[in-house]
Amino acid sequence: MTVPGISNSTAGTLYVVATPIGNLDDMSARALKVLSEVALIAAEDTRHSIRLLQHFGINTPLAACHEHNERDEGSRFLTRLQAGDNVALISDAGTPLISDPGYHLVRQARAAGIAVVPVPGACALIAALSAAGLPSDRFIFEGFLPAKTAGRRARLELLKEEPRTLIFYEAPHRILECLQDLEAIFGAERPALLARELTKTFETLKGLPLAQLREFVEADSNQQRGECVVLVAGWTAPESDEAVSGEVMRILDLLLAEMPLKRAAALAAEITGVRKNVLYQVALEKQKGE
Ligand code: SAM
């Protein structure tokens with residue numbers, strides 16, 4: 001049997017294969033087929049992946065491709081691909097390259113003109129987003145936040161007025177600190193969701209405003225265990241002048257110094273995303289007070 005999508009060139013194909021994030025039933029039929037038929041599987045942790053492959057009765061040889069050897073060992077996989085062997089890339093769980101190794105290998109393979117074929121499947125951020133009930137038309141994935149509070153808060157400050165839904169991966173031993181910092185920077189009322197142990201026995205999806213979500217996790221140590229994804233609703237433009245941020249005011253002030261009020265409000269709205277009539281009212285109040 002041949003693997004669908006194999007290129008006709010003499011070189012082999014690199015398949016980027018997603019594996020389950022907990023529930024083994026999420027292994028796709030196509031993933032099983034590709035993993036059975038390739039000559040070699042490049043795995044993040046061979047000891048971890050051997051158990052997965054044994055479960056499915058797959059005997060394909062494995063070789064390590066983790067973040068520490070990926071750049072150097074990449075050439076070894078490239079040699080096999082160039083010799084005509086098909087290779088599959090897997091990580092410990094979910095989709096390779098998504099907060100997992102594989103980027104350098106994929107990049108090197110593409111640069112060498114080797115066909116790279118995705119075999120999609122589980123991915124924690126997409127699974128969480130699909131069930132969160134937060135706006136999903138536009139979102140950003142921030143991966144893991146810095147481990148230390150100062151770095152984490154600095155990163156969050158930069159994301160404070162991000163209008164798209166934000167998605168973070170977090171380690172269980174840092175989940176409480178992470179929620180505390182999210183609350184401190186994004187505010188107590190910002191809607192959020194914690195997706196824990198997705199596809200596993202103790203799967204929990206808890207959607208609450210940040211302060212309540214932090215309290216929920218604080219009060220139950222079980223919520224500080226297992227794997228988790230944190231989703232936070234994007235920033236929405238304030239309805240009233242009290243809530244117009246310092247940065248928006250600064251832009252409005254600069255424009256007011258240069259042009260008529262109506263034009264300044266319209267331009268500031270275009271730049272900042274804050275509604276035009278809100279800025280118009282703020283500018284009017286400001287002029288009355290001067
Ligand atoms: N490549 C993986 C993917 O496609 O989602 C992510 C690998 S990253 C090293 C591991 C992180 O993904 C965990 O710390 C957690 O934030 C998230 N994650 C993985 N599996 C999860 C699960 N079953 N439930 C919730 N989060 C999960």
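Just so it is clear, the model here is predicted, and its values are computed rather than measured. For reference, positions follow the sequence shown, starting with 1. Order of appearance sets the numbers: ligands from 1, and atoms from 1 within every ligand.
Checked by distance only, ligand 1 and I98 come closer than 3.5 Å through their nitrogen or oxygen atoms.
In this structure, atom 15 (C) of ligand 1 lies nearest to the protein heavy atom C228 O, 3.4 Å. Looking from atom 4 (O) of ligand 1 to the surrounding protein, the closest heavy atom is T95 N, 2.9 Å. Of the protein's heavy atoms, E227 OE1, 3.3 Å lies nearest to atom 20 (N) of ligand 1. Regarding atom 26 (N) of ligand 1, its nearest protein heavy-atom neighbour is V229 CG2, 3.4 Å. Protein heavy atom closest to atom 5 (O) of ligand 1, with residue, atom name and distance, is Y169 OH, 2.6 Å. In this structure, atom 22 (C) of ligand 1 lies nearest to the protein heavy atom L198 N, 3.6 Å.
Across the listed options P20, S99, A93, A124, A93 owns the non-hydrogen atom lying nearest to atom 2 (C) of ligand 1.
Among residues at least two apart or in separate chains, there is no side chain to side chain donor-acceptor pair (under 3.5 Å) pair with a member in residues 127-141. For residues 181-191, the pairs satisfying side chain to side chain donor-acceptor pair (under 3.5 Å) are R152-D181, R153-D181, E183-R214, with sequence neighbours left out.
In K200, the NZ atom is crowded: over 12 heavy atoms of neighbouring residues, nucleotides or ligands sit closer than 6.0 Å. Heavy-atom contacts from other residues, nucleotides or ligands closer than 6.0 Å to CZ of F144 number more than 12.
Considering only heavy atoms from C-beta on, I167 comes within 4.5 Å of V229 through its side chain. Contact of the F139 side chain with the L125 side chain is registered, since non-hydrogen atoms from C-beta on lie closer than 4.5 Å. With contacts defined as side-chain heavy-atom distances shorter than 4.5 Å, the pair L40/D85 does not qualify. With contacts defined as side-chain heavy-atom distances shorter than 4.5 Å, the pair T13/V38 does not qualify. Side-chain contact between L252 and T272: absent, with no pair of heavy atoms (C-beta onward) separated by less than 4.5 Å.
Between F168 and F186, the ring planes lie tilted relative to each other; the angle falls in the 30° to 60° range.
Contact annotation for D100 and ligand 1: only side-chain heavy atoms (C-beta onward) come within less than 4.0 Å of the ligand. With a 4.0 Å heavy-atom cut-off, ligand 1 is reached by the backbone of A195 but not by any atom from C-beta on. At a heavy-atom cutoff of 4.0 Å, ligand 1 is contacted by the backbone of E170 but not by its side chain. Contacts between A127 and ligand 1, counted as non-hydrogen atom pairs separated by less than 4.0 Å, are absent for every part of the residue.
Interface atoms of ligand 1 facing K200, defined by a heavy-atom separation under 4.0 Å, are 23 (N).
Ligand 1 has F144 within reach: a non-hydrogen atom of the residue lies less than 4.0 Å from it. Contact between A171 and ligand 1 is absent, with no heavy atom of the residue lying under 4.0 Å from the ligand.
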